[in-house]
Amino acid sequence: MAKLRPIVLPLLLTILLYISNGEAAASGAANETFLQCLSKHSDPSHPIATAIYTPRNASYSSVLQSYIRNLRFNKSTTPKPLLILTALHESHVQAAIICAQKHGLQMKIRSGGHDYEGISYVSDVPFFLLDMFNFRSVQVDLESETAWVEAGATLGEVYYRIAEKSKNHGFPAGVCPTVGVGGHFSGAGYGNMMRKYGLSVDNVIDAKLIDVRGRLLDRQSMGEDLFWAITGGGGASFGVVLAYKINLVRVPEIVTVFRVQRTLEQNATDIVHQWEQVADKLDDGLFIRITLDVVNSTLQTGEKTVRATFRALFLGKSGQLLSIMNVNLPKLGLLQADCAEMSWVESVMYWTDFPSGTPTSALLSRVPQSLNYLKRKSDYVQKPIPREGLEGIWKKMMELQVPTLIFNPYGGKMADIPATAKPFPHRAGNLWKIQYSTNWNEDGREAANRNIDLTRQLYDYMTPFVSKNPREAFLNYRDLDLGINHNGKASYYEGLVYGIKYFKGNFGRLVKIKTKVDPGNFFRNEQSIPTYLYTRK
Ligand SMILES: Cc1cc2nc3c(=O)[nH]c(=O)nc-3n(C[C@H](O)[C@H](O)[C@H](O)COP(=O)(O)OP(=O)(O)OC[C@H]3O[C@@H](n4cnc5c(N)ncnc54)[C@H](O)[C@@H]3O)c2cc1C
Ligand SMILES: *C1O[C@H](CO)[C@@H](O)[C@H](O)[C@H]1NC(C)=O
Ligand SMILES: *[C@@H]1O[C@H](CO)[C@@H](O)[C@H](O)[C@H]1NC(C)=O
Ligand SMILES: *[C@@H]1O[C@H](CO)[C@@H](O)[C@H](O)[C@H]1NC(C)=O
Ligand SMILES: *[C@@H]1O[C@H](CO)[C@@H](O)[C@H](O)[C@H]1NC(C)=O
Ligand SMILES: *[C@@H]1O[C@H](CO)[C@@H](O)[C@H](O)[C@H]1NC(C)=O
């Protein structure tokens with residue numbers, strides 16, 4: 001299939017640009033090309049031609065590549081869009097939706113491009129890309145402690161614009177500043193204030209969406225069901241999100257961070273074991289993430305060890321943090337010297353690993369700090385892993401060497417919010433989430449297969465320690481290993497396979513809403529919410 005692409009693409013493009021579409025002609029629609037349709041259905045005072053890139057435009061490749069965040073999908077063999085529409089005005093989005101249906105074209109929607117499986121800009125069927133990066137305004141209103149943030153804004157822009165106006169406000173969302181609002185919020189969004197304030201979507205209060213009929217809707221006009229669905233169920237199954245309105249949260253003027261590393265020789269097992277008992281029960285303002293990787297032992301050359309990196313944000317001062325730590329996690333041996341006090345926005349910079357002293361305006365950069373080939377998977381832990389269990393995991397990690405594990409503690413506000421409040425179901429009963437994270441820099445299929453296989457081996461090894469029936473997963477950690485939808489006759493059953501893992505009991509409500517708002521399954525992708533009935537031709 002991949003070998004055919006260079007021939008297939010220009011052919012399809014010719015069809016798209018010059019020949020009237022068969023399906024449209026057959027259905028009696030106007031005898032027009034897709035491009036003509038786009039310009040006919042958009043506002044003439046915002047010429048859509050200035051937003052259209054076909055492979056003939058010189059900057060087509062650079063526009064496509066600017067928001068590829070997994071190098072696995074930056075290859076000549078990666079399927080490419082027939083055109084990219086970099087929407088500049090809401091009527092461009094409306095035209096894209098209307099014309100794509102008229103011409104039977106698959107549409108992919110991209111905001112920040114961080115989807116781990118690239119499903120926002122890759123497809124196995126002919127498609128075009130609706131790219132939302134121009135929709136990037138962030139309007140902060142301190143009086144009401146709210147903000148309207150457009151889908152193509154980055155988290156870094158959101159944090160910067162809030163901090164610019166207030167030292168006492170922040171927003172609970174992800175750690176990486178280049179992540180896009182469109183995918184992040186529509187897929188729930190979590191970060192290091194989750195234990196205090198919940199997910200991003202727990203703090204979203206309104207939205208603007210273009211639906212399958214091209215209507216611009218807000219929370220009131222879309223209704224509570226659809227609003228619920230696009231706050232955690234993934235936007236791309238339901239419409240195109242233009243913007244979300246968020247409630248800002250209060251943060252103290254001074255927060256404290258630390259990063260402490262311990263290898264197995266430095267009692268990492270004891271410390272992780274103690275963390276397991278307390279991490280979800282600590283003060284809500286304290287979030288301690290553990291990253292586990294395999295490094296050379298300092299004791300003996302040639303020996304490997306596991307290193308645990310404890311990284312924390314505490315919404316308070318270091319004195320109070322130290323007393324919490326001495327009572328609850330004394331085995332870490334945290335010292336005053338390990339702690340740094342700073343403003344909340346500086347803590348965002350710290351967590352992102354910007355060198356200390358970097359100006360906060362670096363949060364506005366859309367160039368990622370690093371780009372890799374990568375694979376991610378997720379799991380939930382619901383009972384502490386016994387010490388021998390941890391020791392087995394370390395042994396397995398040292399055997400595989402490459403994949404790393406990241407433990408993100410739950411509890412606090414996460415346990416207080418009912419599992420049905422949002423499509424995201426992983427609330428009370430979860431101690432922590434595991435992210436399996438593998439990065440590599442070598443090009444080629446062989447390297448990719450090897451690294452993906454190592455990640456899957458570690459995931460398989462973890463089976464006895466994680467949630468089961470279903471084995472739960474986090475939508476924003478997109479993982480096509482969990483199942484793929486071909487959007488054909490078996491679509492509902494294919495959707496059930498991954499849908500139950502991402503949404504548990506909320507899957508049924510999502511399918512019901514989907515069936516109502518998009519019965520023809522126009523808004524579809526490899527892991528979208530299916531309809532109950534197979535209605536698409
Ligand atoms: C470096 C990195 C760090 C991350 N850190 C975190 C983290 O700390 N916390 C966390 O929760 N997640 C994190 N993630 C995962 C991230 O939240 C998801 O990948 C998220 O979906 C990315 O949003 P995006 O807009 O950048 O992605 P995109 O790839 O543009 O979109 C992701 C999905 O959303 C759909 N979509 C995008 N925009 C719209 C829209 N406007 N309307 C409808 N559908 C839309 C896409 O079609 C696709 O299905 C991280 C990812 C990366 C690569
Ligand atoms: C409509 O399409 C047909 C078949 O492609 C073509 O012969 C005809 O010229 C087109 N008409 C217009 C008005 O473009
Ligand atoms: C791409 O090329 C077409 C045809 O030359 C032109 O109409 C369009 O404006 C170009 N797009 C951009 C964004 O410049
Ligand atoms: C993506 O691929 C293109 C074309 O091969 C290359 O020029 C570009 O540098 C790549 N991007 C990155 C970040 O490696
Ligand atoms: C590890 O634990 C032992 C026993 O509790 C203790 O004596 C030793 O000092 C610890 N080592 C480190 C590096 O903290
Ligand atoms: C770890 O040790 C191996 C050989 O034992 C060596 O090749 C490698 O460079 C070392 N890695 C680091 C980060 O020091």
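This chain uses plain numbering: 1 for the first residue, then up along the sequence. One-based numbering, in listed order, for ligands and for the atoms of each. These numbers were taken from a predicted model, which means no experiment stands behind them.
Salt-bridge formation is detected for the pair Asp481/Lys375: a Lys NZ or Arg NE/NH1/NH2 atom is positioned less than 4.0 Å from an Asp or Glu carboxylate oxygen.
Separation of the Trp432 and Phe407 ring centroids falls under the 6.0 Å cut-off. Separation of the Phe171 and Phe185 ring centroids falls under the 6.0 Å cut-off.
Using a 4.0 Å cut-off between heavy atoms, Lys75 makes no contact with ligand 4 at all.
No side-chain donor from either of Glu150 and Tyr244 sits under 3.5 Å from a side-chain acceptor of the other. In this model, a donor atom of one side chain and an acceptor atom of the other lie less than 3.5 Å apart for His114 and Thr178.
In this pair, Tyr477 and Tyr116 present their aromatic rings tilted. The plane angle is within the 30 to 60° band.
Atoms of ligand 4 found under 4.0 Å from any heavy atom of Leu371, numbered from 1 in the order shown, are 13 (C). Near Leu71, meaning under 4.0 Å from any of its heavy atoms, are these atoms of ligand 4: 12 (C), 13 (C), 14 (O). Within ligand 6, counting atoms from 1 as listed, the ones closer than 4.0 Å to a heavy atom of Asn296 are 1 (C), 2 (O), 3 (C), 8 (C), 10 (C), 11 (N), 12 (C), 14 (O).
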Worked verdict on Gln106 versus Ser123 for side-chain hydrogen bond (donor to acceptor under 3.5 Å, both in side chains): CA-CA 9 Å; Gln106 161 93 56; Ser123 174; 4.6 Å; no
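Taking Ile484 as the reference, Leu480, His486, Glu526 meet the side-chain contact (heavy atoms from CB on, under 4.5 Å) condition, with sequence neighbours excluded.
Closer than 4.0 angstrom to ligand 5 by heavy atom are Gln266, Asn267, sorted by chain and number.
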